[in-house]
**Student:** 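Please read through the structure below; I'll follow up with questions.
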Amino acid sequence: MNESVEDVKRVFEEKFKEKPHLYYSPGRINLIGEHIDYNDGFVMPAAIDKGIFFAIALNNSEKINCYSVDFDESISIPLSEVRKMDGWKNYVLGVVNEFQKLNLPISGFNCAFGGNIPIGGGLSSSAALEGGISFSLNELCNFRMNRKELALLGQRAEHNFPGVMCGIMDQYANMMSKKNTVMLLDTKNISNEYIPLNIEGYEIILINTKVHHSLAASEYNQRRKECEKGLEILKRGLNIQSFRDITNRDELLPFKEEMGDKIYKRCLYVVEEILRTKKAATLLKENDLTGFGKLMFQTHEGLKNLYEVSCKELDFLVDAAKENKDVIGARLMGGGFGGSTINIVKHEGVDSFLKKILPAYKKQFNIDAESYDVKVVAGTCEIDN
Ligand code: ADP
Ligand code: MG
(Lines give C-alpha, C1' and ligand atoms only; values in the text may rest on other atoms or scores of the structure.)
(Ligands and ions follow the chains in the order given, each with its own letter.)
Protein backbone atom coordinates (compact mmCIF):
# COMPACT_ATOMS: atom_id res chain seq x y z
CA MET A 1 0.00 0.00 0.00
CA ASN A 2 2.60 2.45 -1.00
CA GLU A 3 2.05 3.00 -4.68
CA SER A 4 2.58 6.34 -6.36
CA VAL A 5 0.89 7.49 -9.53
CA GLU A 6 4.09 6.73 -11.44
CA ASP A 7 4.10 3.13 -10.16
CA VAL A 8 0.52 2.57 -11.24
CA LYS A 9 1.12 4.18 -14.62
CA ARG A 10 4.19 2.01 -15.22
CA VAL A 11 2.32 -1.18 -14.32
CA PHE A 12 -0.50 -0.21 -16.68
CA GLU A 13 1.87 0.49 -19.57
CA GLU A 14 3.70 -2.81 -19.05
CA LYS A 15 0.46 -4.77 -18.99
CA PHE A 16 -1.56 -3.06 -21.68
CA LYS A 17 1.12 -1.52 -23.94
CA GLU A 18 -0.65 1.81 -24.26
CA LYS A 19 -0.94 5.19 -22.55
CA PRO A 20 -3.59 5.52 -19.83
CA HIS A 21 -5.62 8.39 -18.44
CA LEU A 22 -4.69 8.97 -14.79
CA TYR A 23 -6.96 9.74 -11.83
CA TYR A 24 -6.61 10.23 -8.09
CA SER A 25 -9.40 9.20 -5.75
CA PRO A 26 -8.97 10.20 -2.08
CA GLY A 27 -9.82 8.61 1.24
CA ARG A 28 -11.38 10.81 3.89
CA ILE A 29 -11.29 11.93 7.48
CA ASN A 30 -14.23 13.01 9.58
CA LEU A 31 -13.44 15.76 12.06
CA ILE A 32 -16.62 15.43 14.09
CA GLY A 33 -20.11 13.94 13.80
CA GLU A 34 -19.65 10.23 14.45
CA HIS A 35 -22.35 7.54 14.16
CA ILE A 36 -24.91 10.16 13.23
CA ASP A 37 -24.80 9.89 9.45
CA TYR A 38 -27.48 7.21 9.73
CA ASN A 39 -29.39 9.26 12.31
CA ASP A 40 -30.17 12.25 10.07
CA GLY A 41 -27.29 14.18 11.63
CA PHE A 42 -24.53 16.43 10.39
CA VAL A 43 -20.99 15.21 9.80
CA MET A 44 -17.77 17.02 8.94
CA PRO A 45 -15.66 15.04 6.48
CA ALA A 46 -12.87 16.05 4.10
CA ALA A 47 -10.89 14.23 1.43
CA ILE A 48 -7.22 13.57 2.18
CA ASP A 49 -3.91 13.00 0.45
CA LYS A 50 -4.14 9.27 1.09
CA GLY A 51 -6.03 7.48 -1.62
CA ILE A 52 -5.89 5.37 -4.77
CA PHE A 53 -4.37 6.14 -8.19
CA PHE A 54 -5.99 4.79 -11.35
CA ALA A 55 -4.51 4.27 -14.78
CA ILE A 56 -7.34 3.51 -17.16
CA ALA A 57 -8.30 3.50 -20.85
CA LEU A 58 -11.28 2.28 -22.85
CA ASN A 59 -10.29 -0.76 -24.91
CA ASN A 60 -12.91 -0.80 -27.70
CA SER A 61 -13.99 -4.25 -26.65
CA GLU A 62 -16.72 -5.76 -24.51
CA LYS A 63 -14.25 -6.77 -21.81
CA ILE A 64 -13.15 -5.39 -18.45
CA ASN A 65 -9.47 -6.05 -17.68
CA CYS A 66 -8.63 -4.74 -14.25
CA TYR A 67 -5.52 -5.20 -12.11
CA SER A 68 -5.13 -4.42 -8.40
CA VAL A 69 -1.50 -3.49 -7.79
CA ASP A 70 -1.87 -3.73 -4.00
CA PHE A 71 -3.27 -7.26 -4.11
CA ASP A 72 -1.41 -8.32 -7.27
CA GLU A 73 -4.61 -9.80 -8.63
CA SER A 74 -6.56 -9.23 -11.81
CA ILE A 75 -9.94 -9.89 -13.35
CA SER A 76 -10.87 -10.22 -16.96
CA ILE A 77 -14.59 -10.41 -17.53
CA PRO A 78 -17.02 -9.59 -20.34
CA LEU A 79 -19.41 -6.70 -19.66
CA SER A 80 -22.32 -9.08 -20.16
CA GLU A 81 -21.11 -11.27 -17.29
CA VAL A 82 -20.74 -8.63 -14.58
CA ARG A 83 -21.90 -10.22 -11.33
CA LYS A 84 -21.15 -10.33 -7.63
CA MET A 85 -17.74 -11.83 -6.91
CA ASP A 86 -15.56 -11.28 -3.85
CA GLY A 87 -13.08 -8.82 -2.32
CA TRP A 88 -12.00 -5.74 -4.28
CA LYS A 89 -13.62 -7.02 -7.48
CA ASN A 90 -17.04 -6.33 -6.00
CA TYR A 91 -16.25 -2.63 -5.68
CA VAL A 92 -15.16 -2.34 -9.31
CA LEU A 93 -17.93 -4.52 -10.73
CA GLY A 94 -20.48 -3.01 -8.36
CA VAL A 95 -19.90 0.38 -9.98
CA VAL A 96 -20.09 -1.07 -13.51
CA ASN A 97 -23.31 -2.82 -12.54
CA GLU A 98 -24.87 0.47 -11.38
CA PHE A 99 -24.00 2.15 -14.70
CA GLN A 100 -25.53 -0.81 -16.50
CA LYS A 101 -28.69 -0.53 -14.41
CA LEU A 102 -29.04 3.04 -15.67
CA ASN A 103 -28.85 1.66 -19.23
CA LEU A 104 -25.73 3.71 -19.94
CA PRO A 105 -23.65 2.38 -22.84
CA ILE A 106 -20.57 1.36 -20.89
CA SER A 107 -17.55 0.29 -22.87
CA GLY A 108 -14.87 -2.28 -22.03
CA PHE A 109 -11.79 -0.88 -20.33
CA ASN A 110 -8.28 -1.68 -19.12
CA CYS A 111 -7.35 -0.49 -15.65
CA ALA A 112 -4.57 -0.76 -13.08
CA PHE A 113 -4.98 0.82 -9.65
CA GLY A 114 -3.18 1.02 -6.33
CA GLY A 115 -2.53 3.56 -3.67
CA ASN A 116 -1.13 4.81 -0.41
CA ILE A 117 -4.20 4.49 1.79
CA PRO A 118 -4.49 1.88 4.54
CA ILE A 119 -7.06 -0.64 3.33
CA GLY A 120 -9.82 -1.26 5.85
CA GLY A 121 -8.34 1.31 8.23
CA GLY A 122 -11.37 3.56 8.52
CA LEU A 123 -10.21 6.12 5.95
CA SER A 124 -12.69 4.76 3.44
CA SER A 125 -10.51 3.07 0.91
CA SER A 126 -13.70 1.43 -0.34
CA ALA A 127 -15.28 4.74 -1.38
CA ALA A 128 -11.95 5.73 -2.95
CA LEU A 129 -12.09 2.61 -5.09
CA GLU A 130 -15.71 3.15 -6.11
CA GLY A 131 -15.09 6.85 -6.77
CA GLY A 132 -12.06 6.29 -8.97
CA ILE A 133 -13.86 3.78 -11.15
CA SER A 134 -17.11 5.73 -11.41
CA PHE A 135 -15.49 9.12 -12.02
CA SER A 136 -13.09 7.88 -14.70
CA LEU A 137 -15.70 5.82 -16.55
CA ASN A 138 -18.16 8.70 -16.39
CA GLU A 139 -15.59 10.92 -18.11
CA LEU A 140 -14.21 8.40 -20.58
CA CYS A 141 -17.64 7.17 -21.65
CA ASN A 142 -19.04 10.71 -21.58
CA PHE A 143 -22.02 9.90 -19.36
CA ARG A 144 -22.19 13.46 -17.97
CA MET A 145 -23.35 12.46 -14.50
CA ASN A 146 -22.50 15.05 -11.86
CA ARG A 147 -20.39 14.43 -8.75
CA LYS A 148 -23.33 14.09 -6.42
CA GLU A 149 -24.96 11.54 -8.70
CA LEU A 150 -21.69 9.63 -8.80
CA ALA A 151 -21.49 9.65 -4.99
CA LEU A 152 -24.99 8.18 -4.78
CA LEU A 153 -24.10 5.63 -7.46
CA GLY A 154 -21.04 4.59 -5.42
CA GLN A 155 -23.17 4.13 -2.32
CA ARG A 156 -25.63 1.95 -4.23
CA ALA A 157 -22.70 -0.07 -5.59
CA GLU A 158 -21.43 -0.67 -2.04
CA HIS A 159 -24.91 -1.70 -0.85
CA ASN A 160 -25.56 -4.04 -3.76
CA PHE A 161 -22.30 -5.86 -4.48
CA PRO A 162 -20.06 -5.95 -1.36
CA GLY A 163 -23.30 -5.69 0.64
CA VAL A 164 -22.15 -3.02 3.10
CA MET A 165 -25.09 -0.82 4.11
CA CYS A 166 -23.03 2.35 4.45
CA GLY A 167 -24.32 5.92 4.80
CA ILE A 168 -23.55 8.56 2.18
CA MET A 169 -20.66 10.29 3.96
CA ASP A 170 -17.71 8.42 2.45
CA GLN A 171 -18.74 8.63 -1.20
CA TYR A 172 -19.90 12.22 -0.78
CA ALA A 173 -16.59 13.33 0.74
CA ASN A 174 -14.70 11.45 -1.97
CA MET A 175 -16.51 13.31 -4.76
CA MET A 176 -17.47 16.70 -3.35
CA SER A 177 -14.49 17.79 -1.23
CA LYS A 178 -12.54 20.96 -1.99
CA LYS A 179 -8.94 21.73 -1.09
CA ASN A 180 -8.36 23.17 2.40
CA THR A 181 -12.02 23.07 3.34
CA VAL A 182 -14.13 20.67 5.32
CA MET A 183 -17.78 20.19 4.65
CA LEU A 184 -20.68 20.31 7.00
CA LEU A 185 -22.67 17.54 5.38
CA ASP A 186 -26.37 17.30 6.09
CA THR A 187 -27.02 13.57 5.81
CA LYS A 188 -30.80 14.05 5.79
CA ASN A 189 -31.01 16.39 2.82
CA ILE A 190 -27.73 15.18 1.24
CA SER A 191 -26.39 18.68 0.83
CA ASN A 192 -23.40 20.50 2.26
CA GLU A 193 -21.81 23.75 3.23
CA TYR A 194 -18.05 24.28 2.79
CA ILE A 195 -16.05 25.68 5.70
CA PRO A 196 -12.44 26.83 5.19
CA LEU A 197 -10.07 24.82 7.32
CA ASN A 198 -7.64 27.35 8.74
CA ILE A 199 -5.35 25.19 10.81
CA GLU A 200 -2.04 26.87 10.21
CA GLY A 201 0.44 25.72 12.83
CA TYR A 202 -1.44 22.45 13.41
CA GLU A 203 -1.34 19.02 11.81
CA ILE A 204 -4.00 16.36 11.47
CA ILE A 205 -2.48 13.12 12.72
CA LEU A 206 -4.20 9.76 12.44
CA ILE A 207 -3.10 6.84 14.57
CA ASN A 208 -4.14 3.39 13.43
CA THR A 209 -4.62 1.04 16.42
CA LYS A 210 -4.15 -1.87 14.01
CA VAL A 211 -6.91 -3.72 15.80
CA HIS A 212 -10.34 -4.49 14.48
CA HIS A 213 -12.51 -6.24 17.04
CA SER A 214 -15.00 -8.59 15.47
CA LEU A 215 -17.82 -6.93 17.39
CA ALA A 216 -17.80 -4.01 14.99
CA ALA A 217 -20.29 -5.24 12.38
CA SER A 218 -22.86 -6.74 14.73
CA GLU A 219 -22.68 -3.83 17.17
CA TYR A 220 -23.09 -1.36 14.30
CA ASN A 221 -26.36 -2.98 13.26
CA GLN A 222 -27.38 -3.18 16.91
CA ARG A 223 -26.82 0.59 17.37
CA ARG A 224 -28.89 1.32 14.29
CA LYS A 225 -31.76 -0.72 15.75
CA GLU A 226 -31.44 0.86 19.19
CA CYS A 227 -31.61 4.34 17.68
CA GLU A 228 -34.65 3.42 15.58
CA LYS A 229 -36.44 2.14 18.67
CA GLY A 230 -35.52 5.24 20.64
CA LEU A 231 -36.69 7.56 17.90
CA GLU A 232 -40.02 5.75 17.68
CA ILE A 233 -40.65 6.39 21.35
CA LEU A 234 -39.61 10.03 21.03
CA LYS A 235 -41.81 10.56 17.99
CA ARG A 236 -44.83 9.32 19.93
CA GLY A 237 -44.19 11.77 22.75
CA LEU A 238 -42.74 14.80 21.01
CA ASN A 239 -43.68 16.58 17.82
CA ILE A 240 -40.52 15.60 15.94
CA GLN A 241 -39.47 13.90 12.72
CA SER A 242 -35.88 13.09 13.58
CA PHE A 243 -33.22 13.45 16.29
CA ARG A 244 -32.14 16.80 14.87
CA ASP A 245 -35.45 18.36 15.92
CA ILE A 246 -34.47 17.97 19.58
CA THR A 247 -32.55 21.05 20.66
CA ASN A 248 -32.05 20.30 24.34
CA ARG A 249 -30.88 17.07 25.94
CA ASP A 250 -33.39 17.52 28.78
CA GLU A 251 -36.21 16.83 26.33
CA LEU A 252 -35.18 13.18 26.50
CA LEU A 253 -35.53 12.83 30.27
CA PRO A 254 -39.29 12.14 30.42
CA PHE A 255 -38.73 9.09 28.15
CA LYS A 256 -35.92 7.53 30.12
CA GLU A 257 -38.05 4.95 31.87
CA GLU A 258 -39.92 3.83 28.77
CA MET A 259 -36.68 3.56 26.79
CA GLY A 260 -34.64 1.79 29.40
CA ASP A 261 -31.11 2.80 30.27
CA LYS A 262 -29.38 1.48 27.17
CA ILE A 263 -31.58 3.07 24.52
CA TYR A 264 -31.71 6.29 26.52
CA LYS A 265 -27.91 6.49 26.48
CA ARG A 266 -27.78 5.89 22.72
CA CYS A 267 -30.34 8.60 22.05
CA LEU A 268 -28.64 11.01 24.42
CA TYR A 269 -25.38 10.55 22.52
CA VAL A 270 -27.04 11.11 19.15
CA VAL A 271 -28.84 14.27 20.27
CA GLU A 272 -25.67 15.64 21.87
CA GLU A 273 -23.47 14.78 18.90
CA ILE A 274 -25.78 16.49 16.43
CA LEU A 275 -25.77 19.65 18.59
CA ARG A 276 -22.00 19.33 19.08
CA THR A 277 -21.29 19.10 15.38
CA LYS A 278 -23.34 22.21 14.64
CA LYS A 279 -21.50 24.03 17.43
CA ALA A 280 -18.17 22.78 16.08
CA ALA A 281 -19.01 24.29 12.68
CA THR A 282 -19.65 27.66 14.31
CA LEU A 283 -16.36 27.47 16.24
CA LEU A 284 -14.44 26.56 13.10
CA LYS A 285 -15.87 29.57 11.29
CA GLU A 286 -14.75 31.73 14.22
CA ASN A 287 -11.27 30.16 14.06
CA ASP A 288 -11.65 28.85 17.61
CA LEU A 289 -9.62 25.68 17.14
CA THR A 290 -9.11 25.13 20.85
CA GLY A 291 -12.85 25.13 21.42
CA PHE A 292 -13.26 22.84 18.43
CA GLY A 293 -10.72 20.39 19.86
CA LYS A 294 -12.53 20.27 23.19
CA LEU A 295 -15.66 19.14 21.38
CA MET A 296 -13.67 16.33 19.74
CA PHE A 297 -12.65 15.07 23.19
CA GLN A 298 -16.30 15.29 24.27
CA THR A 299 -17.33 13.23 21.25
CA HIS A 300 -14.90 10.54 22.31
CA GLU A 301 -16.34 10.53 25.84
CA GLY A 302 -19.82 10.13 24.38
CA LEU A 303 -18.76 7.32 22.06
CA LYS A 304 -17.09 5.58 24.97
CA ASN A 305 -19.65 6.00 27.75
CA LEU A 306 -23.01 6.53 26.07
CA TYR A 307 -22.78 4.94 22.63
CA GLU A 308 -20.31 2.28 23.86
CA VAL A 309 -18.41 1.70 20.63
CA SER A 310 -14.86 2.37 21.85
CA CYS A 311 -12.31 -0.18 23.02
CA LYS A 312 -9.27 -0.18 25.31
CA GLU A 313 -6.80 0.48 22.49
CA LEU A 314 -8.69 3.56 21.27
CA ASP A 315 -9.21 4.83 24.82
CA PHE A 316 -5.52 4.42 25.55
CA LEU A 317 -4.58 6.56 22.54
CA VAL A 318 -7.12 9.26 23.32
CA ASP A 319 -6.14 9.37 27.01
CA ALA A 320 -2.48 9.70 26.06
CA ALA A 321 -3.34 12.45 23.58
CA LYS A 322 -5.30 14.32 26.25
CA GLU A 323 -2.25 14.37 28.52
CA ASN A 324 -0.14 16.02 25.83
CA LYS A 325 -0.42 19.82 25.86
CA ASP A 326 0.27 20.02 22.11
CA VAL A 327 -2.78 17.93 21.25
CA ILE A 328 -5.87 20.15 21.21
CA GLY A 329 -8.38 17.50 20.20
CA ALA A 330 -8.57 13.73 19.72
CA ARG A 331 -11.20 11.07 19.33
CA LEU A 332 -11.86 7.73 17.76
CA MET A 333 -12.81 8.13 14.12
CA GLY A 334 -15.10 5.74 12.28
CA GLY A 335 -17.29 2.94 13.52
CA GLY A 336 -15.20 2.11 16.58
CA PHE A 337 -14.01 -1.17 18.15
CA GLY A 338 -10.63 -0.47 16.54
CA GLY A 339 -9.53 1.55 13.52
CA SER A 340 -7.96 4.95 13.97
CA THR A 341 -7.97 8.01 16.17
CA ILE A 342 -7.85 11.52 14.73
CA ASN A 343 -5.71 14.09 16.55
CA ILE A 344 -5.17 17.82 16.01
CA VAL A 345 -1.61 18.51 17.07
CA LYS A 346 0.55 21.64 17.19
CA HIS A 347 3.06 21.45 14.37
CA GLU A 348 6.13 21.66 16.59
CA GLY A 349 4.74 19.06 19.00
CA VAL A 350 4.06 16.28 16.46
CA ASP A 351 7.44 14.54 16.73
CA SER A 352 7.53 14.39 20.49
CA PHE A 353 3.87 13.32 20.61
CA LEU A 354 4.51 10.37 18.29
CA LYS A 355 7.80 9.47 19.94
CA LYS A 356 5.95 9.06 23.21
CA ILE A 357 2.60 7.61 22.24
CA LEU A 358 3.71 4.93 19.76
CA PRO A 359 6.18 3.18 22.13
CA ALA A 360 3.73 3.51 25.04
CA TYR A 361 1.06 1.82 22.90
CA LYS A 362 3.52 -0.89 21.92
CA LYS A 363 4.39 -1.47 25.56
CA GLN A 364 0.76 -1.72 26.58
CA PHE A 365 -0.61 -3.88 23.76
CA ASN A 366 2.46 -5.22 21.98
CA ILE A 367 1.19 -3.80 18.70
CA ASP A 368 2.97 -1.40 16.36
CA ALA A 369 0.45 1.38 15.77
CA GLU A 370 0.93 3.41 12.61
CA SER A 371 0.59 7.16 12.27
CA TYR A 372 -0.26 9.28 9.24
CA ASP A 373 0.06 13.01 8.81
CA VAL A 374 -2.78 13.93 6.44
CA LYS A 375 -3.58 17.00 4.35
CA VAL A 376 -7.01 18.01 3.17
CA VAL A 377 -7.36 17.90 -0.62
CA ALA A 378 -10.00 18.13 -3.36
CA GLY A 379 -12.26 15.22 -4.33
CA THR A 380 -11.59 12.68 -7.10
CA CYS A 381 -9.90 14.26 -10.11
CA GLU A 382 -7.94 13.58 -13.27
CA ILE A 383 -4.15 13.91 -13.11
CA ASP A 384 -2.22 15.22 -16.10
CA ASN A 385 -0.39 12.44 -17.88
P1 ADP B 1 -12.32 1.17 4.57
O2 ADP B 1 -12.53 1.73 5.92
O3 ADP B 1 -10.89 1.28 4.15
O4 ADP B 1 -13.27 1.70 3.55
P5 ADP B 1 -13.74 -1.25 3.96
O6 ADP B 1 -13.80 -2.54 4.67
O7 ADP B 1 -15.00 -0.47 3.80
O8 ADP B 1 -12.62 -0.38 4.70
O9 ADP B 1 -13.17 -1.46 2.49
C10 ADP B 1 -11.99 -2.18 2.27
C11 ADP B 1 -12.12 -3.05 1.04
O12 ADP B 1 -12.13 -2.22 -0.14
C13 ADP B 1 -10.94 -3.97 0.88
O14 ADP B 1 -11.17 -5.18 1.56
C15 ADP B 1 -10.88 -4.17 -0.63
O16 ADP B 1 -11.82 -5.12 -1.05
C17 ADP B 1 -11.34 -2.82 -1.16
N18 ADP B 1 -10.15 -1.94 -1.39
C19 ADP B 1 -9.89 -0.78 -0.78
N20 ADP B 1 -8.73 -0.23 -1.20
C21 ADP B 1 -8.22 -1.06 -2.11
C22 ADP B 1 -7.02 -1.06 -2.89
N23 ADP B 1 -6.11 -0.09 -2.81
N24 ADP B 1 -6.83 -2.11 -3.73
C25 ADP B 1 -7.75 -3.11 -3.82
N26 ADP B 1 -8.87 -3.15 -3.09
C27 ADP B 1 -9.13 -2.16 -2.24
MG1 MG C 1 -15.40 1.53 3.60
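Everything quoted here is computed from the prediction, not taken from an experiment. Numbering of ligands and ligand atoms starts at 1, following listing order.
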**Student:** Are Tyr372 and Asn208 close enough, and set up right, to give a side-chain contact (heavy atoms from CB on, under 4.5 Å), and what steps lead you there?
**Tutor:** CA-CA 8 Å; Tyr372 321 98; Asn208 188 346; 3.3 Å; yes
**Student:** Assess whether a salt bridge exists between Glu258 and Arg236, defined as any Lys/Arg side-chain N lying under 4.0 Å from an Asp/Glu carboxylate O.
**Tutor:**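 Arg236 and Glu258: salt-bridged.
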**Student:** For atom 18 (N) of ligand 1, what's the nearest protein heavy-atom neighbour? Residue, atom name and distance, please.
**Tutor:** Leu129 CD2, 3.8 Å
**Student:** Find out if a path of hydrophobic residues (ILVMFWY) with successive side-chain heavy-atom gaps under 4.5 Å connects Ile240 to Met259.
**Tutor:** yes
**Student:** Parallel under 30°, tilted from 30 to 60°, perpendicular over 60°: which one fits the rings of Tyr24 and Phe53?
**Tutor:**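 Rings of Tyr24 and Phe53: tilted, 30 to 60°.
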**Student:** In terms of atom number and element, which parts of ligand 1 are under 4.0 angstrom from non-hydrogen atoms of Gly122?
**Tutor:**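 Under 4.0 Å from Gly122, ligand 1 has these atoms: 2 (O).
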**Student:** Aromatic rings Tyr23 and Phe135: how do their planes relate, parallel, tilted or perpendicular, breaks at 30° and 60°?
**Tutor:** perpendicular
**Student:** Which atoms of ligand 1 are found less than 4.0 Å from any heavy atom of Ser68?
**Tutor:**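 That gives atoms 24 (N), 25 (C) of ligand 1.
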**Student:** Considering the options Arg276, Arg331, Lys322, which one meets the salt bridge (charged side-chain N to carboxylate O under 4.0 Å, His left out) requirement together with Glu301?
**Tutor:**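 Among Arg276, Arg331, Lys322, the one that satisfies the salt bridge (charged side-chain N to carboxylate O under 4.0 Å, His left out) with Glu301 is Lys322.
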**Student:** Under 4.0 Å between a side-chain nitrogen and a carboxylate oxygen: does that hold for Lys89 and Glu73?
**Tutor:**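 Yes, charged N to carboxylate O under 4.0 Å.
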**Student:** Answer with side chain, backbone, both or neither: which part of Ser125 has a heavy atom less than 4.0 angstrom from an atom of ligand 1?
**Tutor:**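 Both of them.
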**Student:** Heavy-atom contact under 4.0 Å between Ser124 and ligand 1?
**Tutor:** yes
**Student:** For atom 23 (N) of ligand 1, what's the nearest protein heavy-atom neighbour? Residue, atom name and distance, please.
**Tutor:**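 I find the closest protein heavy atom is Asp70 OD2, 2.9 Å.
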**Student:** Below 4.0 angstrom from a heavy atom of Gly87, which ligand 1 atoms are there? Numbered from 1 as shown, please.
**Tutor:**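 Those atoms are 16 (O).
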**Student:** So which heavy atom in the protein is nearest atom 26 (N) of ligand 1, and how far is it from that ligand atom?
**Tutor:**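 The answer is Trp88 CB, 3.1 Å.
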**Student:** What protein heavy atom lies closest to atom 24 (N) of ligand 1? Include the residue and the distance to one decimal.
**Tutor:** Phe113 CE1, 3.4 Å
**Student:** I want to confirm something. Looking only at heavy atoms, which of Ser126, Gly120, Pro118 is nearest to atom 8 (O) of ligand 1?
**Tutor:**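 Among Ser126, Gly120, Pro118, the closest heavy atom to atom 8 (O) of ligand 1 belongs to Gly120.
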**Student:** Which option, Ile119, Asp170, Leu123, owns the non-hydrogen atom nearest atom 21 (C) of ligand 1?
**Tutor:**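 Looking at heavy atoms only, Ile119 sits closest to atom 21 (C) of ligand 1.
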**Student:** Under 2.8 Å from the Mg ion (ligand 2) - does any N, O or S atom of Ser126 fall there?
**Tutor:**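 Yes, since at least one N, O or S atom of Ser126 sits under 2.8 Å from the Mg ion (ligand 2).
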**Student:** Look at the aromatic rings of His35 and Tyr38 and report parallel, tilted or perpendicular, splitting at 30° and 60°.
**Tutor:** perpendicular
